[in-house]
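Let me begin by presenting the structure, written as structure tokens, before commenting on it.
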Amino acid sequence: MSDQPARWTQATVYPDMWTDPADDPRENQGSSPDGELATLEDYLTSYRLTLRMKCEGLDAEQLARRSVPPSTMSLLGLVRHLAEVERDWRNWISDSDALPKLYGRRDADFEEAAADPAVVDAAYRDLEREQAATDAALAAHRDLGERLGKEGIAVRELLVHRIEEYARHCGHADLLRECVDGRVGQ
């Protein structure tokens, strides 16, 4: 007998999908976005939603579970990590002093992701706040070639890096979620 959960999905159309296309909130109804900036923002929005979908329906213990030992990663740790990363991206585009780390010391985002509903709620609030602050900081810079901050990072490069970060961690979330309760899908 195995301790591994049975694989399952809510999808009925494609068994390797998270949900059916008609029920997927990431599916664009109509045409794709016009222009490079709108396309990049659409992909970022989709990956942000994917992370939330991977976490939905789990309790605090399941979200905090480090299901792929010896890794310290958990779904809750990913939420906290991405809040930390969003804050750090604002440091890249600013000429001001760096914002302090959200969770203090290095790797606290993962290591202190405790199975406590208050920690879970705080992590989601942190993520929403940091995403909104980074989005607002970039909203004033619509020219994708504009260079920002002390390092002169291009807006385009920052947006692509944000997409890459979320996409990579959504891949981690796929594996973590499957190990927690067996749910599979994109």
Side-chain angles (χ1 to χ4, degrees), residues 1-69 71-86 89 109-110 113 115 117 119-132 134-135 138-139 144 156 158-186:
M1 184 124 199
S2 172
D3 290 337
Q4 296 296 321
R7 299 179 86 225
W8 66 280
T9 181
Q10 284 184 211
T12 59
V13 177
Y14 303 107
D16 62 336
M17 302 285 276
W18 185 259
T19 190
D20 288 328
D23 299 326
D24 193 335
R26 298 166 299 178
E27 291 293 318
N28 285 335
Q29 302 302 319
S31 60
S32 61
D34 286 330
E36 184 179 6
L37 179 59
T39 299
L40 292 170
E41 290 173 337
D42 186 61
Y43 270 84
L44 179 60
T45 298
S46 179
Y47 280 119
R48 285 174 169 176
L49 185 53
T50 298
L51 178 70
R52 284 192 168 270
M53 291 169 69
K54 291 295 176 174
C55 296
E56 71 187 7
L58 298 177
D59 63 28
E61 185 282 322
Q62 291 170 311
L63 287 167
R65 189 180 303 165
R66 296 175 179 174
S67 57
V68 188
S71 174
T72 61
M73 269 192 204
S74 65
L75 290 164
L76 177 58
L78 288 175
V79 170
R80 289 167 49 97
H81 172 71
L82 287 164
E84 190 77 74
V85 169
E86 288 282 357
W89 283 325
D109 41 1
F110 287 108
V119 173
V120 172
D121 292 343
Y124 281 113
R125 281 192 310 272
D126 291 343
L127 181 60
E128 288 173 10
R129 182 190 63 245
E130 297 303 321
Q131 287 172 337
T134 304
D135 290 347
L138 283 173
L144 293 174
R156 177 184 291 103
L158 181 61
L159 284 169
V160 169
H161 186 67
R162 290 172 84 194
I163 293 165
E164 177 272 333
E165 184 83 10
Y166 277 91
R168 183 166 40 96
H169 289 313
C170 283
H172 295 136
D174 283 340
L175 298 173
L176 291 166
R177 178 67 189 249
E178 188 172 347
C179 289
V180 167
D181 74 346
R183 188 162 180 191
V184 298
Q186 85 297 353

Open item on the list: I'd like to check the side-chain hydrogen bond (donor to acceptor under 3.5 Å, both in side chains) partners of R66; sequence neighbours left out, ordered by chain and number.
Closed with: none

Task: side-chain hydrogen bond (donor to acceptor under 3.5 Å, both in side chains) against D20, all qualifying residues, sequence neighbours excluded - done: T12

Spell out, as yes or no, whether a donor-acceptor pair under 3.5 Å connects the side chain of [X] to the backbone of [Y].
{"X": "S46", "Y": "D42", "result": "no"}
{"X": "T9", "Y": "M17", "result": "yes"}
{"X": "R177", "Y": "R183", "result": "no"}
{"X": "S67", "Y": "L176", "result": "yes"}

Between [atom1] on residue [X] and [atom2] on residue [Y], distance to nearest 0.5 Å:
{"X": "H169", "Y": "D174", "atom1": "NE2", "atom2": "CG", "value": "13.0 Å"}
{"X": "E41", "Y": "I163", "atom1": "CD", "atom2": "CD1", "value": "9.0 Å"}
{"X": "D181", "Y": "Q62", "atom1": "CG", "atom2": "CD", "value": "6.0 Å"}
{"X": "L40", "Y": "T45", "atom1": "CG", "atom2": "OG1", "value": "10.5 Å"}
{"X": "E165", "Y": "Y47", "atom1": "CD", "atom2": "OH", "value": "13.0 Å"}
{"X": "R80", "Y": "L63", "atom1": "CZ", "atom2": "CG", "value": "12.0 Å"}

Open item on the list: Check the orientation of W89 and H161. Use parallel for under 30°, tilted for 30 to 60°, and perpendicular for over 60°.
Closed with: perpendicular

Task: Nearest heavy atoms of S74 and A113, plus distance in Å - done: OG-CB, 3.9 Å

Open item on the list: Looking at every non-hydrogen atom in both residues, tell me the closest pair between A173 and L51 and how far apart they are.
Closed with: CB-CD1, 4.2 Å

For [X], side-chain contact (heavy atoms from CB on, under 4.5 Å) partners two or more places apart:
{"X": "E61", "result": "D59, R65, A115"}
{"X": "L175", "result": "none"}
{"X": "T39", "result": "P33, Y43"}
{"X": "D135", "result": "R48, R162"}

Please indicate whether [X] has more than 12 foreign heavy atoms, meaning atoms of other residues, nucleotides or ligands, lying under 6.0 Å from its [atom1].
{"X": "F110", "atom1": "CZ", "result": "yes"}
{"X": "D34", "atom1": "CG", "result": "no"}
{"X": "R129", "atom1": "CZ", "result": "yes"}

Open item on the list: Do the side chains of R168 and E164 get close enough for a salt bridge, i.e. N-O under 4.0 angstrom?
Closed with: yes

Open item on the list: Determine whether D23 and Q10 satisfy the following criterion, side chain to side chain contact (heavy atoms under 4.5 Å, CB included), listing intermediate values before the conclusion.
Closed with: CA-CA 10 Å; D23 299 326; Q10 284 184 211; over 6 Å; no

Task: Beyond-backbone contact of L159 with L37, side-chain heavy atoms, under 4.5 angstrom - done: yes

Task: Side-chain H-bond candidate by donor/acceptor type, E86 with Y166, under 3.5 Å - done: yes

